[in-house]
Amino acid sequence: MGCRLIAEDPRHGPVTGRIVEVEAYIGEEDRASHARFGRTTRNAVMYGEPGLAYLYLVYGMHTCLNVVTEPSGRPTAVLIRAIEILTGVELARANRIAREAALKRFRGDAAALARVGARIAATPTERLASGPGLVGAAFGLDPTMTGLDLCDPDSPLRIELDPGAGPVTVRVTPRVGIAYAGEPWTSRPWRLLVAGNRSVSAPTGSA
DNA sequence: TGAATGATGCACT
DNA sequence: GTGCATCATTCAC
């Protein structure tokens with residue numbers, strides 16, 4: 001929280017933004033975590049070095065970005081749920097449009113594509129990455145980026161301190177979309193968000 | 001090999 | 001507020 005995410009596009013430059021909402025997934029005992037079944041091919045990187053990126057496809061279409069947080073052998077990760085985009089805004093919009101076009105397979109339906117373009121052009125900048133799937137779309141992320149070192153200043157996908165960020169109030173709530181996990185995991189206050197920030201995901205963002 | 005199921009977002013009512 | 005798109009990953013057989 002309070003750091004910046006930077007995604008370098010070799011052709012079009014970087015998109016950067018401030019992380020304003022995250023969720024923690026802690027250990028195999030956390031029934032909401034991808035590590036709840038133990039180590040698998042998909043989640044192996046969660047057992048790796050802290051600072052590595054873990055990206056996966058959810059609901060068959062959205063890419064979510066996580067950061068491994070604890071030393072090797074203990075599967076923990078933080079899901080980046082929302083970002084306030086600071087630079088590369090137009091590239092972020094283009095990424096959003098491209099992702100949605102790919103998703104809907106318009107097959108040359110120019111009118112439908114134009115409607116998506118118009119809607120995203122009208123989306124306020126602060127809502128371009130206000131959800132975990134939207135972060136993936138706006139920053140042009142995909143699961144093949146798993147394993148990148150987010151702490152490496154030379155990495156095309158990285159996290160840096162944000163000296164420009166002033167003091168903020170951090171609010172905690174239960175995590176979103178994990179009803180299947182059961183108690184006590186559904187109630188654990190492991191979602192963190194910047195209070196009052198307009199880039200926080202709806203609908204619980206106002207909580 | 002097969003079936004169930006999501007760490008979601010959008011269109012429509 | 002409800003329904004749906006869409007498929008990799010997972011577990012059970």
Side-chain angles (χ1 to χ4, degrees), chain A residues 1 5 19-47 53-69 75-83 92-93 95-107 109 111-124 126-147 172-193 199-207:
Chain A
M1 293 281 280
L5 179 74
I19 297 168
V20 295
E21 178 182 342
V22 300
E23 281 177 0
Y25 291 84
I26 310 178
E28 293 180 348
E29 64 274 23
D30 179 357
R31 302 313 286 171
S33 171
H34 282 182
R36 64 188 180 278
F37 299 121
R39 188 181 186 130
T40 63
T41 340
R42 177 174 66 157
N43 69 21
V45 73
M46 290 180 79
Y47 292 76
Y54 169 43
L55 299 96
Y56 65 88
L57 209 57
V58 70
Y59 298 121
M61 59 196 92
H62 302 295
T63 300
C64 293
L65 170 64
N66 300 256
V67 188
V68 178
T69 49
T76 56
V78 165
L79 169 67
I80 310 294
R81 283 191 57 89
I83 287 182
R93 282 188 205 282
N95 286 340
R96 281 285 311 273
I97 294 168
R99 189 63 58 100
E100 205 163 314
L103 218 58
K104 303 199 171 180
R105 304 188 196 291
F106 285 133
R107 286 190 279 252
D109 185 343
L113 185 56
R115 280 195 295 276
V116 168
R119 174 169 50 76
I120 293 178
T123 300
E126 68 267 19
R127 304 304 297 174
L128 281 177
S130 57
L134 298 180
V135 168
F139 283 78
L141 309 181
D142 71 77
T144 67
M145 296 169 177
T146 292
V172 298
T173 81
R175 294 173 292 180
V176 174
I178 55 154
Y180 63 88
E183 294 295 355
W185 309 106
T186 50
S187 297
R188 287 278 146 88
W190 287 350
R191 172 173 177 245
L192 281 66
L193 54 97
S199 297
V200 166
S201 70
T204 36
S206 54

Could you give the CZ-to-P distance, from Arg115(A) to dA11(B), as a whole number of Å? 9 Å

Would you please name every residue forming a side chain to side chain contact (heavy atoms under 4.5 Å, CB included) with Pro132(A), sequence neighbours left out? Cys64(A), Leu79(A), Arg81(A)

Contacts of Ala101(A) meeting side chain to side chain contact (heavy atoms under 4.5 Å, CB included) (sequence neighbours excluded), chain-then-number -> Phe106(A), Leu113(A)

Would you kindly give the CZ-to-P distance between Arg81(A) and dA7(B), to the nearest whole Å? 11 Å

Tell me what Arg96(A) touches on the nucleic acid: a base, only sugar-phosphate, or nothing, going by heavy atoms under 4.0 Å. sugar-phosphate

With no angle test and no hydrogens, is the base of dA8(C) tied to the side chain of Tyr56(A) by a donor-acceptor pair under 3.5 Å? no

What is the nucleic acid contact for Ile178(A), judged by heavy atoms within less than 4.0 Å: base, sugar-phosphate only, or nothing? sugar-phosphate

Partners passing salt bridge (charged side-chain N to carboxylate O under 4.0 Å, His left out) against Arg42(A) (at least two apart in sequence or in another chain): none

Ala121(A): what forms a side chain to side chain contact (heavy atoms under 4.5 Å, CB included) with it, not counting sequence neighbours? none

From dA11(B), dT8(B), dG6(B), nucleotide with atom closest to Lys104(A) side chain: dA11(B)

Rounded interatomic separation in angstrom, taking CD from Glu100(A) and C1' from dG9(B): 8 Å

Restricting to side chain to side chain donor-acceptor pair (under 3.5 Å), what partner residues turn up for Glu29(A), sequence neighbours left out? none

For Arg119(A), answer base if it contacts any base atom (sugar-phosphate contacts may also be present), sugar-phosphate if it contacts only those atoms, and nothing otherwise; contact means non-hydrogen atoms under 4.0 Å. sugar-phosphate

With sequence neighbours left out, write down each residue that passes side chain to side chain contact (heavy atoms under 4.5 Å, CB included) with Arg96(A), or none if nothing qualifies. Glu100(A), Arg119(A), Ile120(A), Leu128(A), Leu134(A), Ala137(A), Ala138(A)

Are the side chains of Tyr25(A) and Arg36(A) in contact, using a 4.5 Å heavy-atom criterion? no

If you assign each of Leu57(A) and Gly133(A) to its closest nucleotide in DNA chain B, which residue comes earlier from the 5' end? Leu57(A)

Are Met145(A) and Leu65(A) side-chain neighbours, meaning at least one heavy-atom pair lies under 4.5 Å? no

Could you check how far CZ of Arg99(A) sits from P of dT6(C), rounded to whole Å? 15 Å

In whole Å, what is the span from the OH atom of Tyr59(A) to the P atom of dG6(B)? 7 Å

Provide the closest heavy-atom pair for Asp142(A) versus Leu55(A) in the form atom of the first, atom of the second, distance. O-CD2, 3.8 Å

Spacing between Arg127(A) atom CZ and dG9(B) atom C1', to the nearest angstrom: 12 Å

Protein and nucleotides 1-4 of chain B: nitrogen or oxygen contacts under 3.5 angstrom:
none

NA contact type, Gly60(A), heavy-atom cut-off 4.0 Å: base, sugar-phosphate, or nothing? base

Arg191(A) atom CZ is separated from dT8(B) atom P, nearest whole Å, by 11 Å

Whole-Å distance between dA7(B) C1' and Tyr54(A) OH? 9 Å

Distances under 3.5 Å between nitrogen or oxygen atoms of protein and nucleotides 10-13 of chain C:
| unit_1 | atom_1 | unit_2 | atom_2 | d |
| --- | --- | --- | --- | --- |
| dT10(C) | OP1 | Thr40(A) | OG1 | 2.4 |

Listed partners of Thr63(A) passing side chain to side chain donor-acceptor pair (under 3.5 Å), at least two apart: none

Distance-only check: which donor-acceptor pairs under 3.5 Å involve side-chain atoms of residues 174-181 of chain A, not counting sequence neighbours?
| unit_1 | atom_1 | unit_2 | atom_2 | d |
| --- | --- | --- | --- | --- |
| Arg175(A) | NH1 | Ala24(A) | O | 2.9 |
| Arg175(A) | NH1 | Asp30(A) | OD2 | 2.7 |
| Arg175(A) | NH2 | Asp30(A) | OD1 | 3.1 |
| Arg175(A) | NH2 | Trp185(A) | O | 3.2 |
| Tyr180(A) | OH | Ala32(A) | O | 3.1 |

Does Tyr56(A) have any ring pair (Phe, Tyr, Trp, His ring centres under 6.0 Å) partners at least two apart in sequence or in another chain, and if so, which? His34(A), Tyr54(A)

Symbol by symbol from the 5' end, with Watson-Crick or G-U pairs under 3.5 Å, [ ] crossing and | another strand, DNA chain B is ||||||.|||||.

